[in-house]
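This report refers to the structure that appears directly beneath it.
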Amino acid sequence: MITKIIPNEISNRVFSYTSEIYHYNNALLIPQSPIGIDKKSGLYDTHGNLINQAAIFSGESNNLHIHVQEYKTNINFHDEHPEFDSLFWGGYFSDHYGHFLIETLPRLIRYSFIKNEKSVKIVFLSKKSKEHLASISWIRFFFEKLGIELEDIFIPLFPIKIKSVLFCSDYISEQNYINKDCKKLFSVFRKKDENKEKTQKPFAYISRKNLKSGTHKILNEYLIEEKLSSLGIIIFYPEEMSIDEQINIINNYKISGFLGSFFHNCLFSFGKCEFLCLSYGEKLNLNYSLLDYASESSGDYYVPELEVVGSSDKFYENSLIKNIDETCEFIMEWFLGGVEKSPSYFLQHKIHSYTNQKVIVRYQFFDFWGRIAKLSPHSGKIIFSESGTENDQLVDVVINQCSSGNFFISANSDYFPPIKVGKQSKLEKFIPVSLKQKEKYFYINISEDIYLTAIPKDGYSVSEVRHSQPDEWEQFSIKELIRQ
């Protein structure tokens, strides 16, 4: 059985403003080292505190590449470290293609705009030398396209002081947010004649069979290749192709393949690229959702049945496709336009103005284990708490029924503090829902087939949203609180 992924809600993760160059005076850069400890590296102020603009994060709190980056250093700024007048902050230089596109390339592009005017080098954190990085063909491609020379790159091997650090506003934050203008920024890599979409694109399959290392390996992917190839589908191996060739594929073919960094090439699309991405699980890395949105891609994400058979030195997880024929038939059906859309994201729009609607009934609601819905004072999330605990003093979260017949969730307070229903949800005062009754329980429908769920913890539950058939975690009971 092939199922849809759970799309990410990204309403509060996209923004649009003109990226600016600004500077920070007097900073201490502590480099990465092949033999050192990642967390001790970073850019710090004169008091030894991590400079927020230079913190390297994945998601809202987790460090990327630098595990639990230290917020304070014991290296003294006032010691006699080598001093530089001005450097442009490049962040972490990743030699992983997908991470490079997200973390490194936007800053390289912005740097290329001002490097001659400012006569400044770009400084990076990296465990690799700039000579090693420049020896990688796809990195060299971007250097050449942007007019960046090896001498423009500075990767220090010892602490240095910088009188003035130049920053550019982030375009992409790893698994966190994205600027809508990303597509415009990446347009510097598009050819002038790439401005029209073909009416009929040929079909292609993007294979990971020849990948030397990575997160996932499909051990019997060659069977997919054989079947699709016999049906006239072109097979491509991205790791054996130039960046220009990959950009050509993303723009001029209707493509399918297993989840991987190749699909980040949608940033280089000049129209709506179409693809079917086969995922390894129902939860999707937020980067795919953000890039799909910014690039205006038309991507569908589905999960085939896989059997995990272990791991290896080069791959974190090795899997087998359980049903080759079913998977190939599904891919072909998608190519021919017979598969329902399954995008990687959705936007939560307010479809009603609830402040102007009269509430006639207000309900308390409880999870499957009888815990009452409350508002977390720290995260704004809906939590479900046992009665008779200190959490009883927390504000209730209630379901409101309007005279119009509409329902919405809100905090039971005159101040209407904003709430959210899951990790990736947007904080909102009023969340529109619909109720579907099954015997004595109700399913709370958030958007289309997105349901509120309560994930049990030790003595309480935490709200989340699921793109699935409702189960016991999605069953809630309600109790009338006020009728007006």
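Note that the structure is a prediction, hence the values are computed from the model and not measured.
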Hey, does [Y] have a side-chain heavy atom less than 4.5 Å from the side chain of [X]?
X: Ile255; Y: Glu274; value: no
X: Lys217; Y: Tyr316; value: no
X: Leu166; Y: Tyr22; value: no
X: Tyr293; Y: Val14; value: yes
X: Phe93; Y: Ile139; value: yes
X: Ile178; Y: Ile102; value: no
X: Phe258; Y: Ile218; value: yes
X: Asn8; Y: Tyr288; value: no

Under 3.5 Å: donor-acceptor pair, side chain of [X], backbone of [Y]:
X: His47; Y: Asn49; answer: no
X: Ser41; Y: Pro31; answer: no
X: Glu9; Y: Ser11; answer: yes
X: Asp152; Y: Glu149; answer: yes
X: Lys374; Y: Leu394; answer: yes
X: Asn391; Y: Ser385; answer: no
X: Thr104; Y: Ser94; answer: yes
X: Arg107; Y: Glu103; answer: yes
X: Arg13; Y: Asn176; answer: yes
X: Glu221; Y: Arg208; answer: yes

Hey, could you give me the [atom1]/[atom2] distance between [X] and [Y], rounded to the nearest 0.5 Å?
X: Ser169; Y: Ile21; atom1: OG; atom2: CD1; answer: 7.5 Å
X: Phe268; Y: Asn248; atom1: CZ; atom2: CG; answer: 13.5 Å
X: Leu306; Y: Ser279; atom1: CG; atom2: OG; answer: 8.5 Å

Where is the tightest heavy-atom contact between [X] and [Y], given as atom of each residue plus distance?
X: Leu278; Y: Pro304; result: CB-CD, 4.2 Å
X: Leu28; Y: Ile75; result: CD2-O, 3.7 Å
X: Asp45; Y: Tyr24; result: CB-OH, 3.5 Å
X: Leu284; Y: Ser289; result: CD2-OG, 4.0 Å
X: Arg371; Y: Ser461; result: NH1-OG, 2.8 Å
X: Leu427; Y: Ser379; result: CD2-O, 4.1 Å

[Y] ring center within less than 6.0 Å of [X] ring center:
X: Tyr177; Y: Phe15; result: yes
X: Phe154; Y: Phe124; result: no
X: Trp334; Y: Tyr302; result: no

Whether Phe167 and Trp89 hold their rings parallel, tilted or perpendicular, with breakpoints at 30° and 60°: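 Phe167 vs Trp89 ring planes: tilted.
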Aromatic ring pairing Trp138/Phe142, orientation class (parallel under 30°, perpendicular over 60°, tilted between):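 Perpendicular: the ring planes of Trp138 and Phe142 meet at over 60°.
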For [range], which residue pairs qualify under salt bridge (Lys or Arg N to Asp or Glu O under 4.0 Å), counting only residues two or more places apart or in two chains?
range: residues 255-271; value: none
range: residues 178-189; value: Lys183-Glu296
range: residues 131-144; value: none

Full working for side-chain contact (heavy atoms from CB on, under 4.5 Å) between Tyr345 and Leu290: CA-CA 8 Å; Tyr345 66 88; Leu290 296 175; over 6 Å; no
Sole candidate of Leu185, Leu291, Asn179 that passes side-chain contact (heavy atoms from CB on, under 4.5 Å) when paired with Ile172: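 Result for side-chain contact (heavy atoms from CB on, under 4.5 Å) with Ile172: Leu291.
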Would you say that more than 12 heavy atoms from the other residues, nucleotides or ligands in this model lie under 6.0 Å from the [atom1] of [X], or not?
X: Lys457; atom1: NZ; value: no
X: Glu390; atom1: CD; value: no
X: Tyr415; atom1: OH; value: no
X: Tyr237; atom1: OH; value: yes

Side chain to side chain donor-acceptor pair (under 3.5 Å) between Glu239 and Asn210, worked out: CA-CA 8 Å; Glu239 63 277 2; Asn210 295 342; 4.7 Å; no
Test log, rule side chain to side chain donor-acceptor pair (under 3.5 Å), inputs Thr46 and Asn26: CA-CA 7 Å; Thr46 56; Asn26 299 317; over 6 Å; no
side-chain contact (heavy atoms from CB on, under 4.5 Å) involving Ser242 - partner list, sequence neighbours excluded: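 Asp244, Glu245.
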Ring pair (Phe, Tyr, Trp, His ring centres under 6.0 Å) evaluation trace for Phe263 with Phe275: CA-CA 8 Å; Phe263 289 97; Phe275 58 83; 5.1 Å; yes
Only distances under 3.5 Å count here; give the side-chain donor-acceptor pairs of residues 77-86 to other protein atoms, sequence neighbours excluded, each with its distance to 0.1 Å.
residue	atom	partner	partner atom	Å
His81	NE2	Asn76	O	3.0
Asp85	OD1	Lys163	NZ	3.4
Ser86	OG	Ser164	O	3.4

Trace of the side-chain contact (heavy atoms from CB on, under 4.5 Å) decision for Leu29 with Val123: CA-CA 9 Å; Leu29 187 147; Val123 64; 3.8 Å; yes
Pairing of Asp300 and Lys341 as salt bridge, 4.0 angstrom limit: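 A salt bridge links Asp300 with Lys341.
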Basic-acidic side-chain contact under 4.0 Å: Lys209, Glu225: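 Looking at Lys209 and Glu225, the cut-off is met.
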Verdict with supporting geometry, Ser319 and Leu219, side-chain contact (heavy atoms from CB on, under 4.5 Å): CA-CA 6 Å; Ser319 302; Leu219 299 177; over 6 Å; no
Where at least one partner belongs to residues 253-268, residue pairs that pass side-chain hydrogen bond (donor to acceptor under 3.5 Å, both in side chains), sequence neighbours excluded: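 Every pair satisfying side-chain hydrogen bond (donor to acceptor under 3.5 Å, both in side chains) with a residue in residues 253-268: Tyr97-Asn265, Gln246-Asn265.
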Residue of the set Lys128, Lys130, Lys127 for which salt bridge (Lys or Arg N to Asp or Glu O under 4.0 Å) holds with Asp95: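 Between Asp95 and the candidates, salt bridge (Lys or Arg N to Asp or Glu O under 4.0 Å) is satisfied uniquely by Lys128.
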Evaluation steps, side-chain contact (heavy atoms from CB on, under 4.5 Å), between Tyr280 and Val303: CA-CA 6 Å; Tyr280 309 99; Val303 187; over 6 Å; no
